[in-house]
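Counting starts at 1 for both ligands and their atoms, following the listed order. Everything numeric here is computed off the predicted structure, so don't read it as measured data.
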Amino acid sequence: MGTLLENLAVIKQRIERAAERAGRDPASIELMAVTKTLDVSAFREAALAGIVLFGENRVQEARAKYPQIREGYRLHLIGHLQRNKAKLVPELFDCVESIDKLDTAVALDRYARSPIDVLLEFNTSGEESKSGFSSVTDLEAAIRGFRALPNVRLRGLMTIAPFTDEKDLIRSSFRRLKTLFESTRQLVDSRDYDTVSMGMSSDYEIAIEEGATRIRVGTALFGGRH
Ligand SMILES: *Cc1c(COP(=O)(O)O)cnc(C)c1O
């Protein structure tokens with residue numbers, strides 16, 4: 001592993017190449033730096049390097065690490081949100097990418113003072129250890145339910161690929177999410193529905209080839225976690 005700046009340069013170049021292979025504009029792919037389990041210095045260093053989007057998977061950890069007032073960057077929750085923590089979320093995060101029940105969005109809607117962005121997480125791998133919706137019917141029902149929630153803005157879908165070295169399985173998981181994103185578009189206000197969040201350190205290039213608009217990268221950027 002190199003320094004953060006070296007790693008970032010490599011990642012940017014790979015994003016560009018993957019976008020080129022897919023005939024996409026690299027600027028249409030947003031890079032999130034995942035700082036979970038890392039010290040606050042990782043966030044500071046990445047912010048200095050120009051990164052403007054960060055991800056954390058736990059409410060309490062983010063609360064301890066990130067300043068109360070976010071200036072010049074955005075923070076997203078990418079881990080499972082328990083309903084009883086929903087109250088803390090609107091002041092801490094700009095988006096929750098891991099909504100897996102309409103109930104959680106209902107709770108967010110109640111506590112948000114201004115509309116907060118959310119993504120619905122879909123379990124494309126079928127792995128039981130992963131959260132997210134696992135049925136398309138349930139996903140569509142939840143999407144329809146959003147119409148009654150003025151303070152949450154549904155922006156798109158998120159997934160985590162299966163834990164495997166088999167690239168074909170990873171690719172088909174991403175392809176499934178992109179297909180679902182397209183097919184559910186008709187159920188929402190399509191102006192706001194613009195985000196496909198998929199791809200991590202080991203598979204973000206495949207995700208870009210399959211249509212990711214946001215990739216979430218931790219170890220490839222910062223090195224191993226402690
Ligand atoms: C940890 C995590 C990431 C980043 O994982 P890396 O393999 O370190 O890039 C991305 N998305 C989610 C939901 C995560 O929990």
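- Each of the following atoms of ligand 1 lies closer than 4.0 Å to a heavy atom of S201: 6 (P), 7 (O), 8 (O), 9 (O).
- Near R216, the atoms of ligand 1 lying under 4.0 angstrom from a non-hydrogen atom of the residue are 4 (C), 9 (O), 10 (C), 11 (N), 12 (C), 13 (C).
- Where the criterion is an N or O separation shorter than 3.5 Å, residue side chain and backbone included, T219 meets it with respect to ligand 1.
- Which parts of ligand 1 touch G218 is read off a 4.0 Å heavy-atom cut-off, strictly below it: atoms 4 (C), 6 (P), 8 (O), 9 (O).
- Here's the thing with V217: none of its N/O atoms is less than 3.5 angstrom from an N/O atom of ligand 1.
- Other residues, nucleotides and ligands contribute at most 12 non-hydrogen atoms within 6.0 Å of the CZ atom of R17.
- At a 4.0 Å heavy-atom cut-off, ligand 1 touches I160 through the side chain alone.
- Taking the charged nitrogens against the carboxylate oxygens, E61 and K36 have no contact shorter than 4.0 Å, which rules out a salt bridge.
- Looking at E91 and R70, no side-chain N of the basic residue comes within less than 4.0 Å of a carboxylate O on the acidic one, giving no salt bridge.
- Here the side chain of R214 pairs no donor or acceptor atom with the backbone of G199 at under 3.5 angstrom.
- For the atom pair CG (L102) and CG (L120), the distance works out to 8.5 Å, reported to the nearest 0.5 Å.
- For N57, no nitrogen or oxygen atom sits less than 3.5 Å from a nitrogen or oxygen atom of ligand 1, counting backbone and side chain alike.
- When atom types are taken as modelled, the side chain of T35 and the backbone of L38 share no donor-acceptor pair closer than 3.5 angstrom.
- Contacts with ligand 1 closer than 4.0 Å are made by side-chain heavy atoms of K36 only, the backbone lying farther away.
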